[in-house]
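These notes are about the structure you will find just below.
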Amino acid sequence: MIFIMAWRNIWRNKMRSLVIILSIAIGLFAGIAVLALYKGMMKSRVRAVIDAEVGHLQLHDRHFKKDFEPAFVITGGVAVLKSITAMAGVKSAAPRSITNGMLATTTGSAGVQINGIVPHLEYATSQLKNKIIEGKPFDTAKQNEVMIGKKLATKMKVKTRSKLVLTFTDTSGNIVSAAFKVAAIYQSDNAPLDERNVYVTMTDLNALLSIGNAFHEIAVLLNNDNEVKNMYQQLQNKFPVCQVESWQEISPETDLLVKTTDQYSYIIMVIIMFALAFGIINTMLMAILERTREIGMMMALGTSKIKIFNLVLLETFFLTLAGTPAGLLVGWLLTGYYTKHGLDLSGMGRDMMSSFGFNTMIYPEFPWDKLTGILLIVFCTAILSCLFPAIKALQLKPVDALRN
Amino acid sequence: MNTVIDAHNISKVYNPTTIPVYAVNNVHLHLQKGEFTALVGPSGSGKTTLLNMIGGLDRPDEGNIFINGIDITKLSANELISFRLQNIGFVFQSFNLIPVLTAKENVEFIMQLQKASKQQREERVKTLFAQIGLQDKLNERPSRLSGGQQQRVAVARALASRPQFVLADEPTANLDTKSAFNLLDIMAKLNMEENITFLFSTHDQRVIDRARRVITLVDGRIVQDTAEVSTQHEEAAAVKT
Ligand SMILES: Nc1ncnc2c1ncn2[C@@H]1O[C@H](COP(=O)(O)OP(=O)(O)OP(=O)(O)O)[C@@H](O)[C@H]1O
Ligand SMILES: [Mg+2]
């Protein structure tokens, strides 16, 4: 009978019940939306790190990364590259010769990392060609071309076809300077990286560094993300003189980001749930105040406190039950839509997003893995927040409640 | 005859620290099984307070109340709740019925609290609704019943638990004359035919006239009790024959 009463009580004040049902639905939806957005953002961030920045794995000479000393080239680099490219599971591999130096124009200068690349390998491994927003990719017929990031170009007031001078030390410690012409300006989702990295052809850079056909870095892109651990082992065994690193090691901040997102999203969930809890406490309290006499009368007749408590609890439970499918459905439909079409966050400013390394186009993903967690949180919030009104109901004294 | 209510020397004081109000002042009250008693008195004379204490809804500051030999002033709050359920039927002035339950469900509700079986409930509901003459209103919600009909359902509900006695605080106060008489007829009939004990408070002279015993309260004290008079009459009559 308490069951029936709880159910019918919900329909007594339809407006109020609707408010609770809606807030539960909205709370649930908001939770799903946040998690879906985070999941999408993290996925795309990880994708960007792997596909456009570092690749799955990188190899260097064991001493190279300490000071980026150009003398520490990968021993037998060409052979190593060839053998890696031939390994099963490897999609592509790109060699890079790297040195730190200075970029100077007539108006100023900036410290940069100069990457000497083999264009077609680089395009396949880090999408460099796709990042070009102005100008043309490297022309094999031309010499001393450079590609620089948009952020740096803006800062240095450089346009395509501008001339600039790169200065660095070669393997023997001599200072080398050379004039380069800007072939293209590129832009990735990661502005800080764009500001630091400039690209020239390996042919040009190696000649200036006088390291022949040697290089310092091999970036490896695999067919499958799950193969990273396995390949890491294989490469380590195969090339013991090299330092092998996974993308998690090279970009630990991304790894950390992915790992802390869960915590962040739960914190946001908790904040949303607080709002929901206040809504429920308020509304249920009102529902109880309105029924003071009725509850007093029920107690006078001999209804136990547990029954009264259950009544309030059940009402909240029913409302939650009604709100849940609505929230789930809207969450599912909306994430489904945006998973397909993408959610354009350029309203937040492309610069802002890219300074954190995020694309403005987010493809949210329904957080199936967290669904039970979210549902549990919503139900617990609903039940917990009706405890206070329920206890208030129990504290009613029939004599006072019944007195006109 | 067996005593159902035996209240000894009970008092209730409101605001004992500021301006004390003796809502009930040193009252003795004995009620036998099958009595049909009206509690009368001006407004504020303590009728509700006295009924609440006898009904186990409120505690006296002094004195003891025995219901069928059990001192309810010694029961804990939770014991009182189940004591009320098993022993006392209540009819209030208003807000008697649970609005979301039908007339029948309102009556069944009490029996369900007592864990009566479905069959027991059905049978009892049938009998009771026949007695109050509302067989055709079983499935109506209270909002669709007249005030008088609601009070009749309340009487049925009060009886559903087969209590020791029924307490009714101004059950006719919100009713028109016809409904009031109708309710009273039903109560009187149940009293006569089923020996149900009623104790009800009222302002209403028409109701008072129907009572077989009238207890008058003024300022929390019993100033008149017709039982004593009638016992004297009976004794006198007995002596004569
Ligand atoms: N909760 C309370 N606090 C303070 N005083 C109270 C309280 N309840 C009742 N009283 C006082 O106790 C006295 C008796 O009240 P009670 O309600 O028992 O009278 P009554 O005979 O039922 O009156 P009525 O005919 O108006 O219903 C009154 O003076 C009332 O003001
Ligand atoms: Mg009163």
Side-chain angles (χ1 to χ4, degrees), chain A residues 1-18 20 284 286-319 322 390-404, chain B residues 12 14 23 43 48-49 51-53 55-59 77-102 104-116 118 121 141-143 154 157-158 160-161 163 166-167 169-170 173-174:
Chain A
M1 194 82 69
I2 294 288
F3 231 77
I4 298 173
M5 287 171 67
W7 176 251
R8 290 187 192 156
N9 276 334
I10 292 173
W11 303 105
R12 271 168 94 168
N13 192 328
K14 294 198 185 70
M15 199 57 212
R16 190 168 50 209
S17 297
L18 205 69
I20 296 197
M284 285 312 285
M286 254 159 66
I288 284 172
L289 283 180
E290 253 180 40
R291 301 207 305 251
T292 305
R293 287 210 173 104
E294 190 181 324
I295 293 170
M297 177 262 290
M298 285 170 65
M299 285 170 129
L301 297 180
T303 316
S304 66
K305 295 197 166 190
I306 294 175
K307 288 242 157 63
I308 304 275
F309 188 80
N310 284 349
L311 181 67
V312 180
L313 215 70
L314 266 176
E315 278 177 41
T316 316
F317 184 76
F318 283 147
L319 291 170
I391 288 167
K392 266 272 176 284
L394 291 188
Q395 285 169 346
L396 287 176
K397 288 223 179 76
V399 211
D400 302 330
L402 284 166
R403 204 169 271 278
N404 299 12
Chain B
K12 180 83 185 175
Y14 289 112
S43 185
T48 299
T49 309
L51 286 181
N52 282 345
M53 288 190 293
L57 294 171
D58 207 352
R59 289 178 190 279
N78 284 330
E79 284 168 339
L80 265 179
I81 292 177
S82 74
F83 186 88
R84 289 200 297 266
L85 174 64
Q86 305 299 347
N87 297 283
I88 307 171
F90 289 95
V91 178
F92 304 106
Q93 180 178 337
S94 52
F95 309 108
N96 257 304
L97 304 179
I98 298 167
V100 292
L101 297 182
T102 63
K104 179 183 175 222
E105 286 166 341
N106 262 285
V107 174
E108 274 192 286
F109 177 70
I110 288 291
M111 299 186 70
Q112 227 179 31
L113 291 180
Q114 287 182 318
K115 305 200 162 51
K118 176 94 186 145
R121 297 200 310 258
R141 295 272 185 102
S143 57
R157 186 198 51 201
S161 60
V166 175
L167 290 181
D169 193 6
E170 314 214 18
N174 292 342

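Note: hydrogens, waters and symmetry copies are ignored here, and every other heavy atom, side chains too, is used. We name chains A, B, ... by the order of the sequence lines, and we start the count at 1 in each one.
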Given a strict heavy-atom distance threshold of 4.5 Å, which part of A:Lys307 is in contact with chain B: side chain, backbone, both, or neither?
-> side chain
Counting heavy atoms not belonging to A:Phe309, are there more than 12 under 6.0 Å from its CZ?
-> yes
Report, as yes or no, whether the 6.0 Å neighbourhood of atom CD1 on A:Ile306 holds more than 12 heavy atoms from other residues, nucleotides or ligands.
-> no
Okay, side chain of B:Arg84, backbone of A:Ala300: is any donor-acceptor separation there less than 3.5 Å?
-> yes
Under a 4.5 Å heavy-atom cut-off, does chain A meet the side chain of B:Ser161, its backbone, both or neither?
-> neither
Distance col, row A:Asp400:CG vs B:Asp58:CG, nearest 0.5 angstrom, shows 8.0 Å
Per-residue contact mode, B:Glu108 against chain A (heavy atom under 4.5 angstrom) | both
Calculate, to the nearest 0.5 Å, the distance between atoms CG and CE belonging to B:Leu85 and A:Met299 respectively.
-> 13.5 Å
Atom group of B:Glu105 that falls short of 4.5 Å from chain A, counting heavy atoms = both
Could you tell me which portion of B:Ile110 (side chain, backbone, both or neither) has an atom closer than 4.5 angstrom to a non-hydrogen atom of chain A?
-> side chain
Could you tell me the separation between the CE atom of A:Met298 and the CZ atom of B:Phe109, rounded to the nearest 0.5 Å?
-> 4.0 Å
For atom CZ of A:Phe3, is the number of surrounding heavy atoms from other residues, nucleotides or ligands below 6.0 Å larger than 12?
-> no
Nearest 0.5 Å, what's the CG-CD1 distance between A:Leu301 and B:Ile81?
-> 11.5 Å
Say you draw a straight line from CE of A:Met297 to CG of B:Leu97; how long is it, rounded to the nearest 0.5 Å?
-> 6.5 Å
First locate atom CE of A:Met5, then atom CG of B:Leu101, and finally report the distance between them rounded to the nearest 0.5 Å.
-> 5.0 Å
Between B:Ile98, B:Leu80, B:Asn78, B:Asn52, which residue shows the highest count of heavy-atom pairs closer than 4.5 Å to chain A?
-> B:Ile98
